[in-house]
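Take a look at the structure below.
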Amino acid sequence: MTPSPRRHPWSHRLAATVAASCLIASLSAGASSELRLALVNMPDEPVTQAMHRFAELTEQYSEGNVTIQVSDGGHLGNDRELFNQLYSGAIDLGKPSFPILADVVPEYSVTMAGYFFDDWERLEALLNAPEFGQQWRQRLLEDAGLRILAYYYFGTREVTMADQIPRTPEEFQGVKLRAVTNPMSLSVIRGLGASPTPIPFPELFQALNQGVADGQENPLPTIYANRLYEVQDSVILTHHQLVGQALVINDDSFQALSPADQQAMEQAAQEAMAYATQLAQEQEAQIVEALRDEGLTVVELSDAERDAFAASVRTQVLEDFDGRDWPEGFAQSVLDFADRP
């Protein structure tokens, strides 16, 4: 599948909204605005704390002109539903995952490719590179009317299991691992050697408790905040996916703000998302110990074991995406960028 057909449904939107957006902006300069931000994460997760800080800083820097109401815990819907609301303008701000943004700009899915990036700094550099992320950002704005305010580190996905501790792709054969229903996540789990088992996140705890799946994979803060340690026996530190995310605003809502308030929001977003990154990185180390305290066996893979997973996952991702969702050779250009000194 090539990028153009997937982008086409979004592109009709711009011509109908540009004139209206400019008119709204001219009429609303200096006016107070109340915006809505929604996310699925629980109140004590790092990203949720950072989004509340973003709201506080925006109000502070705009001198009270812009207030943001934050709805967390998925009260307004799941990730896909919130993205649709963000696109339509039913909510103003959100944090759609990169696999969802890949519906508009297919190359965004590479950010979730398993074992493509060693650390957040390398992924962040790709997202800010003129030949990669800057182009994708502009296409998202032009084709969907969605403006990225800032990126942040969300976490590294790890595997939890009940009753088994697979340490190689071969040992994962036959293991039912809960999967997010996006093509990249399904590909990565197949690359690990497991059988992807789609389960909606709100049903995950009960499904693990009932043995519908043998295990699951998520960033450590998500695992801990949702008490998955109560229905799992071990956490295997596979480090198989590095997860970044974006704070996104519907551009109509952004253009309705005065230039000074736009600048205030952008400053608040940069500071708050840096705080999100800091919190996530600090909590990951703490959560490993907390999971031990809850009785989980923490499994550290050897370099050889992790290399075997990396080779298997990269092979699967290249087979599933290169020359299909991505242009031929795109994956290698990303790997070359990520692997450079």
Side-chain angles (χ1 to χ4, degrees), residues 2-15 17-18 21 25 35 37 39 47 50-51 54 58 79 82-89 91-113 116-117 120-154 182 184 242-257 259 261-274 276-277 321 325-327 330-331 333-334 337-338:
T2 60
S4 296
R6 298 181 69 175
R7 293 171 57 197
H8 178 72
W10 308 93
S11 58
H12 71 279
R13 186 173 187 267
L14 286 180
T17 61
V18 167
S21 297
L35 306 181
L37 187 161
L39 64 162
V47 63
M51 291 302 174
F54 166 63
T58 298
D79 279 324
L82 292 180
F83 174 75
N84 291 336
Q85 293 175 52
L86 177 63
Y87 172 71
S88 71
I91 61 174
D92 304 286
L93 294 132
K95 46 166 286 297
S97 67
F98 285 133
I100 290 178
L101 295 183
D103 287 349
V104 186
V105 181
E107 290 87 344
Y108 266 124
S109 61
V110 80
T111 66
M112 293 287 288
F116 269 46
F117 307 97
W120 166 241
E121 287 71 25
R122 291 176 186 267
L123 176 52
E124 187 178 31
L126 183 91
L127 290 168
N128 289 314
E131 68 272 37
F132 294 110
Q134 287 187 25
Q135 293 184 17
W136 309 340
R137 194 170 185 156
Q138 186 62 30
R139 284 165 54 191
L140 185 68
L141 180 60
E142 293 174 353
D143 294 351
L146 298 177
R147 177 181 295 270
I148 290 177
L149 294 173
Y151 297 112
Y152 61 94
Y153 173 68
F154 184 74
N182 67 66
M184 181 56 73
L242 195 72
V243 185
Q245 291 187 343
L247 173 58
V248 179
I249 186 169
N250 183 296
D251 197 51
D252 289 348
S253 300
F254 185 78
Q255 297 300 337
L257 304 176
D261 290 342
Q262 290 176 356
Q263 184 176 3
M265 175 177 284
E266 289 176 327
Q267 179 183 350
Q270 292 295 326
E271 293 182 17
M273 296 308 100
T277 296
F321 284 85
D325 284 34
W326 305 332
F330 170 75
S333 70
V334 170
F337 182 94

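Partners of Arg137 according to the salt bridge (Lys or Arg N to Asp or Glu O under 4.0 Å) rule, which considers only residues two or more places apart in sequence or in another chain, do not exist here. Residues satisfying the side-chain contact (heavy atoms from CB on, under 4.5 Å) criterion with Ala338, sequence neighbours excluded, are Phe117. Evaluation of the side-chain contact (heavy atoms from CB on, under 4.5 Å) rule for Gln134 yields Pro130 as partners, not counting sequence neighbours. Among residues two or more places apart in sequence or in another chain, the side-chain contact (heavy atoms from CB on, under 4.5 Å) test is passed with Ala274 by none. Tyr108 meets the ring-ring contact (aromatic ring centres under 6.0 Å, His included) test with Phe98, Trp136; sequence neighbours excluded. With sequence neighbours left out, Asp92 forms a salt bridge (Lys or Arg N to Asp or Glu O under 4.0 Å) with Arg36. Partners of Gln85 under the side-chain contact (heavy atoms from CB on, under 4.5 Å) rule, at least two apart in sequence or in another chain, are Leu76, Glu81, Leu82, Ala90, Ile91. The side-chain hydrogen bond (donor to acceptor under 3.5 Å, both in side chains) test applied to Gln138 returns Glu142, not counting sequence neighbours. Applying the side-chain hydrogen bond (donor to acceptor under 3.5 Å, both in side chains) criterion to Gln245, with sequence neighbours excluded, gives Lys95, Tyr152. Shown here are the side-chain hydrogen bond (donor to acceptor under 3.5 Å, both in side chains) partners of Ser97, two or more places apart in sequence or in another chain: there are none.
Within the 3.5 Å criterion, the main-chain N or O of Tyr153 finds a donor-acceptor partner in the side chain of Thr277. Side-chain N or O atoms of Asn128 include one that pairs as donor or acceptor with a backbone N or O of Glu124 at under 3.5 Å.
The nearest pair of heavy atoms linking Met112 to Met184 is O-CG, 3.5 Å. Pro106 and Trp326 make their closest contact through O-NE1, 3.5 Å (heavy atoms, listed as atom of the first residue, atom of the second, distance). In plain terms, the two heavy atoms of Asn250 and Leu86 that are nearest each other are ND2-O, 2.8 Å. The two atoms that bring Ala276 and Ala50 nearest to each other are CB-CB, 3.3 Å, heavy atoms only. When all heavy atoms of Leu123 and Gly244 are compared, the closest pair comes out as CD2-N, 4.0 Å. In terms of heavy-atom proximity, Pro96 sits nearest to Leu101 at CG-CD2, 3.7 Å.
The line from CH2 of Trp120 to CG of Leu242 is 7.5 Å long, rounded to the nearest 0.5 Å. Here the straight-line distance linking atom CG of Asp251 with atom CD1 of Ile148 works out to 12.0 Å at 0.5 Å rounding. From Phe83, atom CZ reaches atom CG of Leu146 across 5.5 Å, with rounding to the nearest 0.5 Å. Remark: Leu39 CG to Leu93 CG distance equals 11.0 Å, nearest 0.5 Å. The distance from the CG atom of Leu35 to the OG1 atom of Thr58 is 8.5 Å, given to the nearest 0.5 Å. In this structure, CD in Glu107 is found 4.0 Å from CZ in Arg139, a value given to the nearest 0.5 Å.
With no hydrogens or angles considered, no side-chain donor-acceptor pair links Glu266 and Gln262 at under 3.5 Å.
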Check your understanding: side chain to side chain contact (heavy atoms under 4.5 Å, CB included) between Phe132 and Val110: does it pass, once the steps are laid out?
Key -> CA-CA 11 Å; Phe132 294 110; Val110 80; over 6 Å; no
Review point. Does the pair Leu127 and Thr111 meet the rule for a side chain to side chain contact (heavy atoms under 4.5 Å, CB included), with working shown?
Key: CA-CA 8 Å; Leu127 290 168; Thr111 66; 3.9 Å; yes
Point to revise | Residue pair Glu271, Gln267: steps toward the side-chain hydrogen bond (donor to acceptor under 3.5 Å, both in side chains) verdict | key: CA-CA 6 Å; Glu271 293 182 17; Gln267 179 183 350; 3.2 Å; yes
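Val334 is listed as a side-chain neighbour of Leu126, based on a closest heavy-atom distance under 4.5 Å. Contact of the Arg122 side chain with the Phe337 side chain is not registered, since no non-hydrogen atoms from C-beta on lie closer than 4.5 Å. Counting heavy atoms from C-beta on, the side chains of Tyr87 and Val104 never come closer than 4.5 Å.
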